[in-house]
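Order of the sequence lines fixes the chain letters, A, B, ..., with proteins taken first and strands second; residue numbering starts at 1 for each chain. The basis for the numbers below is simple: all heavy atoms, side chains too, and nothing from hydrogens, waters or symmetry mates.
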There are 2 protein chains.
Amino acid sequence: MIRDRGIARLTAREVAGLAGVSEASVFYHYKDRFGLLQAVFEEGLKPLRALAEGGVHPGADPREVLTLYGNTLEEFLDGVLPLIAAAQSDAELRDSMEAYMAEHDLGPHRGVRAIGDYFAAEQAAGRARADFDPYAVAMMFIGACYTRASQRETPLPSIALPPLERIIDSIVALMAPAGRSV
Amino acid sequence: MIRDRGIARLTAREVAGLAGVSEASVFYHYKDRFGLLQAVFEEGLKPLRALAEGGVHPGADPREVLTLYGNTLEEFLDGVLPLIAAAQSDAELRDSMEAYMAEHDLGPHRGVRAIGDYFAAEQAAGRARADFDPYAVAMMFIGACYTRASQRETPLPSIALPPLERIIDSIVALMAPAGRSV
DNA sequence: GTCTATAGGTTGATAGAC
DNA sequence: GTCTATCAACCTATAGAC
């Protein structure tokens with residue numbers, strides 16, 4: 001409901017109607033509107049925790065690592081971004097979600113750290129240029145995924161951003177040590 | 001009001017109180033709540049149009065170009081992102097803003113195009129590696145700015161993403177032709 | 001746990017005087 | 001153009017029967 005009609009239309013009445021129960025049941029289970037929304041958010045943010053917990057295997061092929069992580073991240077963001085945007089509609093909700101994310105240490109910095117650590121290990125093993133900044137490139141990679149997912153939320157007709165594959169190709173090429181470029 | 005209390009609390013009554021006029025005046029000038037919000041959005045999106053119109057000078061120093069564009073973009077996003085998020089709270093608002101952005105051809109693709117074109121020109125002039133993909137790197141740069149600005153919206157304590165300067169340094173180093181690395 | 005009924009409050013919007 | 005007064009609609013939340 002949040003995704004296609006917006007959180008403003010997410011009333012107890014509508015939820016009850018869609019669930020085929022009475023309005024009072026909604027309040028019985030979730031206490032109040034805030035409790036209902038909090039439950040929605042905690043449920044919706046779960047996959048993001050799963051992503052944060054899933055590590056990136058060191059030593060693996062860069063293209064494979066980035067493809068898997070990027071696709072997974074974008075998929076999760078597609079599900080989660082509408083909720084994050086919705087939470088901005090009310091200060092109380094926003095602060096509550098902020099506290100939840102702080103408590104579970106969620107945020108883009110997790111992706112930057114995961115991919116950055118991987119890049120740094122590759123570099124230490126001599127599989128990346130010396131002037132390749134692991135965390136700066138990781139930040140850009142996460143940023144590209146984030147922006148692509150954000151733009152899908154308000155789909156503008158026939159305007160496409162560069163596909164993930166092209167971004168990954170570019171990173172792989174740029175990180176390759178001199179004289180051994182792909 | 002949207003920025004610090006959320007769009008849900010942006011009622012005609014509150015606006016009137018803050019403006020020191022009566023509630024009826026608000027409706028007289030903006031017809032209805034939708035008209036009021038539309039006016040807010042059109043006003044708030046103006047700086048974004050200005051950025052889209054301001055070109056990037058070809059031939060200029062990469063570090064200067066990226067620093068100016070990146071800072072300007074982040075500054076504008078800081079002002080505009082709360083509005084974009086707020087518009088997601090209601091389907092009607094969201095569609096209206098989407099139409100506005102489509103009409104004026106706004107969106108991250110504009111930044112990718114502007115910076116990508118600049119990179120492509122640098123490459124054509126021999127000032128960038130051959131295996132440097134102008135538009136992929138532009139996408140990552142815009143993405144980093146976008147993500148940094150987005151994260152500032154819900155400030156999580158003591159968690160910092162890599163600063164813009166470090167990202168720019170990284171790009172400058174990576175684009176430098178072999179044998180002439182910075 | 002679920003229902004019906006309803007209280008209590010807020011909001012968008014209008015009417016009509018000035 | 002601005003005001004006061006007011007309404008109808010809607011929403012959250014609760015009471016109480018089953």
[Y]/[X] salt bridge by N-O under 4.0 Å criterion:
{"X": "B:Arg9", "Y": "B:Glu14", "result": "no"}
{"X": "A:Arg5", "Y": "B:Asp90", "result": "no"}
{"X": "A:Asp61", "Y": "A:Arg127", "result": "no"}

Counting only heavy atoms from other residues, nucleotides and ligands, does the tally under 6.0 Å from [atom1] of [X] exceed 12?
{"X": "A:Glu42", "atom1": "CD", "value": "yes"}
{"X": "B:Tyr100", "atom1": "OH", "value": "yes"}
{"X": "A:His104", "atom1": "NE2", "value": "yes"}

Check: Rounded to the Å, how far apart are B:Asp90 CG and D:dC10 P?
Finding: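 Value for this atom pair: 15 Å.
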Check: Could you give the CD-to-C1' distance, from A:Glu23 to D:dT14, as a whole number of Å?
Finding: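 For the pair A:Glu23 CD and D:dT14 C1', the rounded distance is 11 Å.
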Notebook entry, point to check: Residues from residues 5-14 of chain B sitting under 4.0 Å of DNA chain C, heavy atoms only?
Noted result: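 Result for residues 5-14 of chain B: B:Thr11, B:Ala12, B:Arg13, sorted by number.
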Notebook entry, point to check: Do the side chains of B:Tyr135 and B:Val137 join up, straight or via other hydrophobic residues, at under 4.5 Å, putting them in one cluster?
Noted result: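 B:Tyr135 does not cluster with B:Val137.
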Check: For DNA chain C, which nucleotides open and close the run of contacts to chain A, 5' to 3', at under 4.0 angstrom from a non-hydrogen atom?
Finding: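 Answer, 5' to 3': C:dG1 to C:dT4.
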Check: Side chain of B:Gln88, backbone of B:Ile84: donor and acceptor closer than 3.5 Å?
Finding: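 Yes; judged by distance alone, with no hydrogens or angles, the pair exists.
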